[in-house]
Colleague: 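Handing you this structure, nothing more for now.
All figures in this text were calculated on a predicted structure; none of them were measured in a lab.
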Amino acid sequence: SLWIYTDKLGGQPNCPLTVKNGYLYTGFWRSEEFPANFVCLSITDEDPTRTDEEKTACWYWTNPGGYYWAGAYACEDYVLVGTDDGADESTSMTGSLLLLDAKTGRLLDKWDSLYGDVRSTICYDTATKAFYFTTKGGWFCGVQTEKTSDGWRLRASSKWTLKLENGSSTVQAMSTSTPVVYNGRAYVGVSGSSQFTAYSGHSIAVIDLGAWDVAYSVPTMGYPQTSGLLTAGDDGAAYVYFFDN
């Protein structure tokens with residue numbers, strides 16, 4: 001152990017850890033509705049003689065509902081992270097994507113009224129210069145950033161959403177799967193009409209980013225809740241591997 005951080009609001013530290021330029025970004029979760037923090041920590045070991053020194057957050061951002069499985073994207077200038085929706089289940093249009101200053105934590109911009117919790121990592125695709133993520137309300141989302149005279153912001157004209165389907169007209173699909181993006185397509189896991197019932201509409205959805213539509217989907221026995229792993233074969237095909245729950 002080099003050091004320990006205990007968040008002042010408490011909660012589960014179940015978000016992925018993002019490390020960039022000597023700083024670590026991660027979130028905490030306390031309940032569907034209680035506020036919790038997203039924090040920035042210096043990873044420097046200020047006192048190598050101790051293994052239990054207490055870290056202080058460089059900055060934090062508090063959100064109702066907190067952050068659950070919400071992995072951040074970080075660069076030199078900003079951090080992008082999704083939030084829980086601050087309400088029961090995932091039927092509220094109150095999830096958000098936050099654009100925070102990487103050095104100060106100042107809110108630069110945000111995308112409100114997302115359908116349900118954002119429980120995926122925010123991924124960046126260099127080809128489309130866009131960020132992609134999913135929501136527990138069953139949305140696949142994309143957005144770009146731009147630098148203006150006032151600083152970085154989310155480009156309003158680039159906020160895209162796509163409703164994911166599971167074959168049910170009464171139970172919404174949901175996804176907590178971090179998109180795997182390759183060669184103009186995104187691969188995400190989608191829940192069926194019953195989360196823990198086999199073959200109830202679970203699938204891997206293959207999304208055509210150019211057409212902004214589902215090219216096709218592959219039925220699975222269980223719900224693929226996690227992100228996938230993609231390799232490009234010598235035959236030119238893409239091979240994507242998912243676990244299902």
Colleague: Against T145, only a single residue in W152, Y78, Y124, Y73 fulfils side chain to side chain donor-acceptor pair (under 3.5 Å); can you say which?
Modeller: Y78
Colleague: So do the side chains of E76 and K103 get within less than 4.5 Å of each other, counting heavy atoms only?
Modeller: yes
Colleague: Donor-acceptor pairs under 3.5 Å, side chain of residues 25-38 to any protein atom, not counting sequence neighbours: which ones?
Modeller:
| unit_1 | atom_1 | unit_2 | atom_2 | d |
| --- | --- | --- | --- | --- |
| Y25 | OH | A102 | O | 3.2 |
| T26 | OG1 | C15 | O | 3.4 |
| T26 | OG1 | P16 | O | 3.3 |
| W29 | NE1 | S31 | O | 3.3 |
| W29 | NE1 | G65 | O | 3.3 |
| W29 | NE1 | D84 | OD2 | 3.0 |
| R30 | NE | L9 | O | 3.2 |
| R30 | NH1 | P35 | O | 2.8 |
| S31 | OG | E33 | N | 3.1 |
| S31 | OG | F34 | N | 2.9 |
| N37 | OD1 | T62 | OG1 | 2.5 |
| N37 | ND2 | D7 | OD1 | 3.4 |
| N37 | ND2 | D7 | OD2 | 3.1 |

Colleague: Closest heavy-atom contact between F133 and T121?
Modeller: CB-O, 4.2 Å
Colleague: Determine whether a donor-acceptor pair (N or O, by modelled atom type, separation under 3.5 Å) exists between the side chain of E53 and the backbone of D47.
Modeller: yes
Colleague: To the closest 0.5 Å, what do you measure between CG (D85) and CG (D112)?
Modeller: 12.0 Å
Colleague: Would you kindly say whether N166 and S193 are connected by a side-chain donor-acceptor distance under 3.5 Å?
Modeller: no
Colleague: Using a 6.0 Å cut-off, check whether atom CG of D235 has over 12 heavy atoms from anything other than its own residue.
Modeller: yes
Colleague: What's the spacing between D109 CG and D101 CG if we round to 0.5 Å?
Modeller: 13.0 Å
Colleague: Is there side-chain contact between Q172 and T91, with heavy atoms separated by less than 4.5 Å?
Modeller: yes
Colleague: Between W3 and L41, is any pair of side-chain heavy atoms under 4.5 Å apart?
Modeller: yes
Colleague: Is it true that F140 and V190 fall in one hydrophobic cluster, defined by side-chain heavy atoms closer than 4.5 Å?
Modeller: yes
Colleague: Do V240 and I204 have side chains that approach each other closer than 4.5 Å (heavy atoms only, starting at C-beta)?
Modeller: no
Colleague: So, taking the atom named CG in N14 and the one named CZ in R119, what distance separates them when rounded to the nearest 0.5 Å?
Modeller: 8.0 Å
Colleague: Strictly distance-based, threshold 3.5 Å: is any side-chain N or O of K159 a donor or acceptor partner for the main-chain N or O of C141?
Modeller: no
Colleague: Below 4.5 Å, heavy atoms only, C-beta onward: do W59 and L100 meet side chain to side chain?
Modeller: yes
Colleague: As a quick check of understanding, evaluate side chain to side chain donor-acceptor pair (under 3.5 Å) for T197 and S200, giving each step before the final call.
Modeller: CA-CA 6 Å; T197 300; S200 62; 5.2 Å; no
Colleague: Let me confirm one number: the OG1-CG distance from T128 to L209, rounded to the nearest 0.5 Å.
Modeller: 6.0 Å
Colleague: Do V181 and V188 share a hydrophobic cluster, counting only Ile, Leu, Val, Met, Phe, Trp and Tyr and linking them when any side-chain heavy atoms are less than 4.5 Å apart?
Modeller: yes
Colleague: So, Y68 and K136: side-chain donor and acceptor under 3.5 Å apart, yes or no?
Modeller: no
Colleague: In the structure I gave you, are the side-chain heavy atoms of W61 and T83 within less than 4.5 Å of one another anywhere?
Modeller: no
Colleague: Between L97 and L114, is a side chain to side chain contact (heavy atoms under 4.5 Å, CB included) present by the stated rule, with each step listed?
Modeller: CA-CA 8 Å; L97 177 71; L114 296 174; 4.2 Å; yes
Colleague: Identify the two heavy atoms, one from V180 and one from G228, that lie closest to each other, and give their separation to 0.1 Å.
Modeller: CG2-O, 3.2 Å
Colleague: Can you tell me how far CG of D150 sits from CG of L108, rounded to the nearest 0.5 angstrom?
Modeller: 11.0 Å
Colleague: Using modelled atom types and a 3.5 Å cut-off, is there a donor and acceptor pairing between side-chain atoms of T135 and backbone atoms of Y115?
Modeller: yes
Colleague: Looking at Q225, is its backbone amide N or carbonyl O close enough to the side chain of T176 to form a donor-acceptor pair, meaning the two atoms are under 3.5 Å apart?
Modeller: yes
Colleague: If you compare all heavy atoms of S90 against all heavy atoms of D117, which two are closest, and at what distance to 0.1 Å?
Modeller: OG-OD2, 3.1 Å
Colleague: Examine V206 and F242 and state if one hydrophobic cluster contains both, with Ile, Leu, Val, Met, Phe, Trp and Tyr joined whenever side-chain heavy atoms are less than 4.5 Å apart.
Modeller: yes
Colleague: Can a donor-acceptor pair be found, under 3.5 Å and without considering hydrogens, that links the side chain of T51 to the backbone of S1?
Modeller: no
Colleague: Specify the closest pair of heavy atoms between S120 and S177, including all atoms of both residues, with the distance to one decimal.
Modeller: CB-O, 3.7 Å
Colleague: Taking K55 for its side chain and S42 for its backbone only, find out whether a donor-acceptor pair lies under 3.5 Å.
Modeller: yes
Colleague: Would a single hydrophobic cluster contain both Y60 and I43, if residues Ile, Leu, Val, Met, Phe, Trp and Tyr are joined by side-chain heavy-atom contacts under 4.5 Å?
Modeller: yes
Colleague: How long is the span from the CZ atom in F243 to the CG atom in L229, to the nearest 0.5 Å?
Modeller: 9.5 Å
Colleague: Considering non-hydrogen atoms only, spot the tightest contact between S175 and L164 and give its length.
Modeller: CB-CD1, 3.9 Å
Colleague: Would a single hydrophobic cluster contain both Y23 and I122, if residues Ile, Leu, Val, Met, Phe, Trp and Tyr are joined by side-chain heavy-atom contacts under 4.5 Å?
Modeller: no
Colleague: Could you pull out every donor-acceptor pair under 3.5 Å between side chains of residues 214-222 and any protein atom, sequence neighbours left out?
Modeller:
| unit_1 | atom_1 | unit_2 | atom_2 | d |
| --- | --- | --- | --- | --- |
| T220 | OG1 | G222 | O | 2.7 |

Colleague: Please report the closest heavy-atom contact between Y132 and D125, naming both atoms and the distance.
Modeller: CE1-CB, 3.8 Å
Colleague: Does M174 sit in a hydrophobic cluster with other residues, and if so which ones, taking ILVMFWY side chains as linked at heavy-atom separations under 4.5 Å, directly or through other members?
Modeller: Y223
